[in-house]
Amino acid sequence: MTYHPDATAAVGHSPDAEAGVGVAPPPGCPAHAGHAGFGGPARPAAQGLPLYGPEFAADPHLFYERLRQYGPIAPVELSPGVEAYLITSYSLALEVLRDTERFAKDPRGWRALNEGRIPPDCPVGPMMMYRPNALFNDGEAHARLRGAITDSLARLDPYALSEYVERSADMLINGFADRGEADLLGDYAAVIPLLVFNELFGYPAEHGPRLVGIMARLFDSGEDAAAANQELIDYMAGLIAAKRERPAADITSWMLAHPSRLADDELLQQVSLILAAGTEPQLNLIANALRLLLSDDRFAGELSGGSLPVQDAIDEVLWTDPPLANFGTRFARHDLDLAGVRIRQGEPILTSYAAANTDPELISHGRFGNRAHLAWSIGAHRCPAESPARVIASVAIEKLLDRLPDMELAVPVDRLAWRSGPFHRALAALPVRFPVTARPAAEAVPTAAAVPAKVSAPAPAAAPAQPHGASQSAPDASDTPGQSPQAAQRRRWGSLAAWWRGQ
């Protein structure tokens with residue numbers, strides 16, 4: 001679930017400043033010859049830079065640097081033969097994502113698709129072709145479909161959600177804590193969102209493993225993406241049928257009863273959209289933040305200044321390696337010039353959230369605490385689920401560091417592999433090792449009633465009583481000799497979390 005507030009003053013300059021727009025592309029580059037648009041008479045013989053394959057997955061920021069040589073927008077290939085333009089400029093991204101007059105979300109005007117140049121089994125088709133959901137509609141249709149989503153999400157109780165994530169995390173950690181090693185992607189980050197969303201939708205948790213496979217194949221945009229898309233439709237259809245027969249306090253039932261009176265196919269697509277946005281990107285956010293916490297010396301210092309390292313790590317990931325790195329697809333409503341490039345009607349324009357966030361033109365004096373990134377998108381199609389997404393990620397990460405404070409990567413960070421695909425930033429695995437000293441925790445996972453409609457916020461738990469004359473600061477854990485700075489910091493984090501929660 002990736003979304004971003006419209007307020008961007010924290011970046012340190014006017015968000016609508018033309019950062020990078022006047023940069024001229026080098027002679028002979030695709031941007032010079034592309035003024036007639038893809039498929040036009042002046043199109044260059046060379047294709048756009050490919051955003052797929054192991055080279056792009058290993059170092060996408062190198063590709064973004066190459067694209068910046070062409071200016072703020074450049075031609076790319078999303079998969080073999082599927083052409084688009086990619087925005088790498090922060091200010092141009094703001095302009096396009098906010099402009100509903102010149103750019104449409106509805107892909108039914110996609111020129112290449114309508115001209116028969118996109119095959120039915122195109123790997124990126126499931127992520128770009130039209131569905132009757134809020135993501136692929138504009139105007140009144142978009143407002144109606146989005147209303148059903150936002151109103152239903154607004155009924156979630158964040159305190160109950162946090163409790164459910166904690167208890168689910170304990171259950172998963174108990175499953176590998178006595179092994180001394182784990183793959184935090186497959187054993188943890190990939191499962192937490194599915195446990196949570198199965199619960200929020202009212203679907204039994206045993207269906208989770210099937211859902212993991214479906215969503216991974218869909219976002220990988222590989223050869224079986226079309227088959228995964230059909231499996232997701234079948235999965236959601238079964239859920240909706242069950243909720244019609246037996247409604248409960250869950251998102252699916254709330255959407256069924258919403259005043260927008262969604263038709264069955266519309267409901268199926270809205271639920272599928274929430275699931276797609278809330279599982280695969282969510283697991284990537286958790287995994288990418290854990291990678292940062294386990295490898296980056298900037299997060300190995302003392303807990304001071306009132307800023308928890310977990311929140312800092314999440315924000316840093318959303319700036320530099322957002323889980324949905326390239327998306328925000330728009331289609332030109334008519335022929336137009338954009339930052340010196342001629343775009344033809346119906347040609348797709350994607351925003352690289354990762355490249356825009358790291359635009360050299362941005363003026364910023366540090367990103368900690370700065371949430372003016374574009375990882376959550378912006379404008380009319382900004383995702384409405386930023387708050388629950390942050391709750392799920394932060395609680396899942398904090399619980400893991402609390403339970404396993406001496407955890408370390410099992411391989412050097414530069415040997416971690418990334419999954420291929422033009423849209424996401426996704427690790428293939430996150431192997432770790434740790435001493436087998438984790439304390440046991442309750443394995444029970446709450447039932448559907450544990451995440452009810454929003455209720456009054458409970459009073460915060462009181463801090464544990466201190467002996468007379470004792471310091472009121474968090475206890476300081478001693479560092480283990482030879483321990484890495486990251487492990488020492490996580491030990492301190494575990495002590496602080498235990499003290500705060502009174503465990």
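Quick caveat: nothing in here was measured; it's all calculated off a predicted structure.
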To the nearest 0.5 Å, tell me how far [X] [atom1] sits from [Y] [atom2].
X: Leu350; Y: Met127; atom1: CG; atom2: CE; result: 9.5 Å
X: His424; Y: Leu324; atom1: NE2; atom2: CG; result: 9.5 Å
X: Leu49; Y: Glu55; atom1: CG; atom2: CD; result: 11.0 Å
X: Arg144; Y: Gln270; atom1: CZ; atom2: CD; result: 8.5 Å
X: Leu427; Y: Arg291; atom1: CG; atom2: CZ; result: 6.5 Å
X: Ile286; Y: Leu400; atom1: CD1; atom2: CG; result: 10.0 Å

Please report the closest heavy-atom contact between [X] and [Y], naming both atoms and the distance.
X: Leu416; Y: Pro431; answer: CD2-CD, 3.7 Å
X: Tyr188; Y: Ala396; answer: OH-O, 2.7 Å
X: Arg425; Y: Pro60; answer: NH1-CD, 3.4 Å
X: Asp138; Y: Ala104; answer: OD2-CB, 3.6 Å
X: Pro193; Y: Gly278; answer: CB-O, 3.7 Å
X: Ser394; Y: Gln311; answer: CB-NE2, 3.2 Å

Indicate yes or no for a side-chain donor-acceptor contact from [X] to the backbone of [Y] under 3.5 Å, with no hydrogens or angles considered.
X: Arg131; Y: Met129; answer: no
X: Glu347; Y: Ala332; answer: no
X: Ser162; Y: Pro158; answer: no
X: Asn357; Y: Tyr353; answer: yes

Answer whether the closest heavy-atom distance between the side chains of [X] and [Y] falls below 4.5 Å.
X: Asp183; Y: Leu430; answer: yes
X: Ile397; Y: Ile314; answer: yes
X: Leu97; Y: His381; answer: no
X: Asn133; Y: Ser272; answer: no
X: Arg111; Y: Arg117; answer: yes
X: Leu113; Y: Tyr130; answer: no
X: Leu156; Y: Trp254; answer: yes
X: Glu101; Y: Arg333; answer: no

Thr329 vs Phe136, side chain to side chain contact (heavy atoms under 4.5 Å, CB included): CA-CA, chis, key distance, verdict: CA-CA 9 Å; Thr329 311; Phe136 293 112; over 6 Å; no
Audit row: Leu292, Asn288, side chain to side chain contact (heavy atoms under 4.5 Å, CB included) steps and yes/no: CA-CA 6 Å; Leu292 199 63; Asn288 293 355; over 6 Å; no
Geometric class of the Phe63/Phe56 ring pair [parallel <30°, tilted 30-60°, perpendicular >60°]: perpendicular
Ring geometry between Phe197 and Phe201 (parallel below 30°, tilted from 30 to 60°, perpendicular above 60°): tilted
Arg102 bridged to Glu95 by N-O distance under 4.0 Å: yes
Test applied, side-chain contact (heavy atoms from CB on, under 4.5 Å); reference residue, Ile87; option that passes from Ile73, Leu94, Leu374: Ile73
Full working for side chain to side chain contact (heavy atoms under 4.5 Å, CB included) between Cys122 and Val82: CA-CA 8 Å; Cys122 171; Val82 180; 3.6 Å; yes
Geometric cation-pi criterion, Lys105 with Phe327: 6.0 Å, 45°: yes
With sequence neighbours excluded, residues passing salt bridge (Lys or Arg N to Asp or Glu O under 4.0 Å) with Asp264: Arg244
Qualifying residues under salt bridge (Lys or Arg N to Asp or Glu O under 4.0 Å), relative to Asp121, sequence neighbours excluded: none
Intermediate values then yes/no, side chain to side chain donor-acceptor pair (under 3.5 Å), Asp234 and Gln230: CA-CA 6 Å; Asp234 295 341; Gln230 185 57 51; 3.1 Å; yes
Chi angles and distances behind the side chain to side chain contact (heavy atoms under 4.5 Å, CB included) call for Gln269, Asn137: CA-CA 12 Å; Gln269 293 294 341; Asn137 276 277; over 6 Å; no
The single option from Thr88, Thr358, Asn326 passing side chain to side chain donor-acceptor pair (under 3.5 Å) against Tyr64: Asn326
